[in-house]
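Encoded as structure tokens, the structure appears first; notes follow it.
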Amino acid sequence: MSHSPAAGSLDPGPALRPATRWRRDPRTLWRAAGDTIVLLPDGGDGQTPLTIHGSAALLWELLARPVSLAELASELAAAYGEEAEVIAADLAPALDGLLAASAVERCP
Amino acid sequence: VIPVLGFPEPADSESVSRLAHRVAAYGLSGDPGGEQAESFPADPLSAARWNALVARVRGHRIVGLLAWAVADGTLPTTEEQAGEVRQAHVEALAADLVCERQLVGLARLLGDAGLDHRALKGTAVAHLDYPDPSLRSFIDVDILVRADEWDEAIGVLGLAGWERRFGEPRRGFDRRFVKGTVLVHRDDDRVELDLHRTLALGPFGLTVRLEDLWQGCEPVRVGGVELRALEVEQRYLHACFHAVLGDVPPRLVPLRDLAQMSGNAKIDLDRVIDLARSWQAESVLLRAVELVWRTFGLDPAAETATRTKALRPPAKQVQALDAYASDRRSYVGLCLATVAAIPRPSDKLRYLSALAFPARHFVAPRYRGPVARWQAAARALRAVPAHHSTGR
């Protein structure tokens with residue numbers, strides 16, 4: 001789940017574009033087991049569930065509604081007592097990874 | 001059990017069984033951490049008892065409830081045990097999602113072919129009757145189709161790669177007489193599809209008024225797709241069937257389903273009883289509620305308990321129930337009870353002749369050879385007159 005924008009690209013990548021809003025792909029099946037989320041996106045081989053833990057599980061909770069990177073970073077920064085900029089830098093590859101797995105989608 | 005002379009106590013002891021029952025009842029009171037805490041041990045279990053408990057909980061498919069009791073601190077564990085139950089829960093949920101993905105695809109497939117269907121048991125009950133679907137696991141996909149569209153459904157599924165695990169004894173047998181059939185995908189047999197035409201095998205499956213099952217539904221949204229489940233009263237009766245007409249002894253999960261649904265204010269108990277009467281299944285409802293109340297020690301003054309206790313099922317229903325639940329339960333016994341429940345003589349004959357003279361593809365996976373098959377057929381035919389006279 002680490003798909004950072006290509007080095008040297010002028011486009012910062014979908015996760016870092018300020019206008020991009022994210023949400024769970026409604027086709028993704030999921031369950032919560034404590035602070036672990038088990039996901040089964042619809043796509044690819046489709047039959048291998050993924051698990052995400054800890055802060056990523058909170059990220060999943062926040063993705064219940066369309067939300068921007070800045071809003072996510074702000075919420076998570078408040079929850080973990082970190083700087084929003086630091087969180088945002090970590091979030092971008094996580095979101096790209098979830099997008100690559102078809103677990104989340106960008107909203108129009 | 002008291003250890004003697006240093007021998008370890010039997011791991012799978014009665015006390016482990018009782019503890020599994022408490023796990024299965026966990027959270028029913030609405031105050032799981034408080035009221036029920038006394039009934040759990042004060043200290044972590046020994047490794048042997050813990051392993052026995054986890055094995056039992058997995059077998060009864062109630063890992064989610066165990067994970068809940070452990071996460072709440074109601075069931076004390078070592079760190080290692082807590083990690084083990086978290087892992088077991090994640091594995092169970094991953095398996096649930098794989099089944100659920102298949103269900104969504106199959107519902108779409110049947111819907112695109114214009115075939116009406118209902119999601120039964122697992123996914124439907126987990127999403128509609130539990131506060132969190134992660135508490136209710138399952139191991140297969142259960143779908144109901146209309147009996148008069150049975151052959152079309154088998155055809156559509158066949159084109160998509162789903163094949164029967166076993167053939168039917170004669171063409172048209174399944175669509176008339178059976179609960180359903182198990183199919184697996186030819187490229188991946190990890191998930192079984194239990195395709196139903198009715199809600200139980202044997203005589204009680206034949207007296208379910210199938211048209212009732214299609215008069216309404218409860219939608220459940222899964223993976224962005226709206227599935228149709230049975231209405232809650234029908235789900236309740238189906239859980240009763242599952243609890244007392246299925247495994248002997250019954251698994252804890254259908255008992256928990258019933259206890260869970262019994263606390264649902266949406267359930268119209270009058271309608272449940274009317275349906276049970278209409279389906280000639282009052283004995284099933286009565287026995288299932290008795291079993292659930294006894295197993296979980298629920299309040300005997302609860303309306304569900306008192307209303308069902310007042311039921312007086314006809315003797316022939318009680319007799320039919322014995323074919324499932326008694327120690328004498330056997331395939332032949334259930335076949336004979338089924339014959340008694342088939343209304344038309346011509347259908348009785350069709351049923352018996354199909355079992356006595358089945359097609360080759362039906363015989364091969366089930367019997368060691370022609371002699372074994374004829375012995376079974378002879379047993380069935382010899383005993384017909386005695387059961388035939390009971391005439392359900």
Side-chain angles (χ1 to χ4, degrees), chain A residues 1-2 14 20-68 72 79-80 94-108, chain B residues 62-73 77 79 82-108 119 122-123 126-127 130-138 141 185 187-191 220-227:
Chain A
M1 299 212 313
S2 55
T20 302
R21 297 180 78 75
W22 299 85
R23 69 177 175 190
R24 299 174 192 160
D25 187 320
R27 293 168 297 182
T28 299
L29 304 172
W30 64 277
R31 297 279 199 278
D35 68 348
T36 299
I37 305 289
V38 188
L39 303 169
L40 183 56
D42 183 25
D45 64 8
Q47 296 304 306
T48 307
L50 317 166
T51 56
I52 56 178
H53 313 269
S55 58
L58 178 54
L59 168 64
W60 186 254
E61 196 175 308
L62 297 170
L63 288 166
R65 60 180 178 81
V67 60
S68 68
L72 285 170
Y80 290 97
L95 285 170
D96 282 343
L98 289 170
L99 181 68
S102 306
V104 300
E105 62 182 10
R106 280 170 285 177
C107 300
Chain B
I62 51 173
V63 175
L65 295 168
L66 176 63
W68 187 12
V70 169
D72 277 357
T77 56
E79 274 188 37
E84 191 181 339
V85 75
R86 278 196 299 271
Q87 181 61 29
H89 193 204
V90 166
E91 288 169 9
L93 295 178
D96 292 347
L97 295 184
V98 171
C99 289
E100 209 157 275
R101 172 65 66 215
Q102 292 287 4
L103 171 65
V104 169
L106 288 163
R108 192 179 289 131
T123 289
H127 285 273
Y130 280 75
D132 179 341
S134 70
L135 298 175
R136 170 56 159 95
S137 283
F138 39 91
V141 176
H185 199 278
D187 298 331
D188 180 0
D189 64 357
R190 285 176 303 170
V191 175
V220 52
R221 196 153 192 87
V222 177
V225 173
E226 188 169 287
L227 305 175

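In what follows, chains are A, B, ... by sequence order, proteins preceding strands, each numbered from 1. Owing to the predicted nature of the structure, the values given are computational and were not obtained by experimental measurement.
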Considering all heavy atoms, the nearest [X]-[Y] contact:
X: Val90(B); Y: Thr36(A); result: CG2-CG2, 3.9 Å
X: Thr28(A); Y: Arg101(B); result: CA-NH2, 4.3 Å
X: Ala33(A); Y: Leu93(B); result: CB-CD1, 3.6 Å
X: Leu29(A); Y: Val222(B); result: CD2-CG1, 3.6 Å

* How many angstroms lie between NE2 in His53(A) and CZ in Arg86(B), if you round to the nearest 0.5 Å? ->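 Rounded to the nearest 0.5 Å, the NE2-CZ separation comes to 10.5 Å.
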* CG-CG distance between Leu40(A) and Asp96(B), expressed to the nearest 0.5 angstrom ->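 One gets 11.0 Å once the value is rounded to the nearest 0.5 Å.
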* Count the heavy-atom pairs under 4.5 Å between each of Gly224(B), Pro133(B), Ala71(B) and chain A, then report the option with the highest count. =>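 Ranked by heavy-atom pairs under 4.5 Å with chain A, first place is Pro133(B).
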* To do: Between chain A and each of Ser134(B), Ala92(B), Gly64(B), count heavy-atom pairs under 4.5 Å; write down the option with the most.
  =>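 If we count pairs closer than 4.5 Å to chain A, Ser134(B) comes out on top.
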* To do: Measure Arg190(B) against the heavy atoms of chain A and call it side chain, backbone, both or neither at under 4.5 Å.
  =>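 Side chain of Arg190(B) only, per the 4.5 Å heavy-atom cut-off to chain A.
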* Checking Ala94(B) against chain A: side chain, backbone, both or neither under 4.5 Å from a heavy atom? ->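 When you check distances to chain A, atoms from both the backbone and side chain of Ala94(B) fall under 4.5 Å.
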* What part of Ile37(A) lies closer than 4.5 angstrom to a heavy atom of chain B: side chain, backbone, both or neither? ->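 Ile37(A) has no heavy atom closer than 4.5 Å to chain B.
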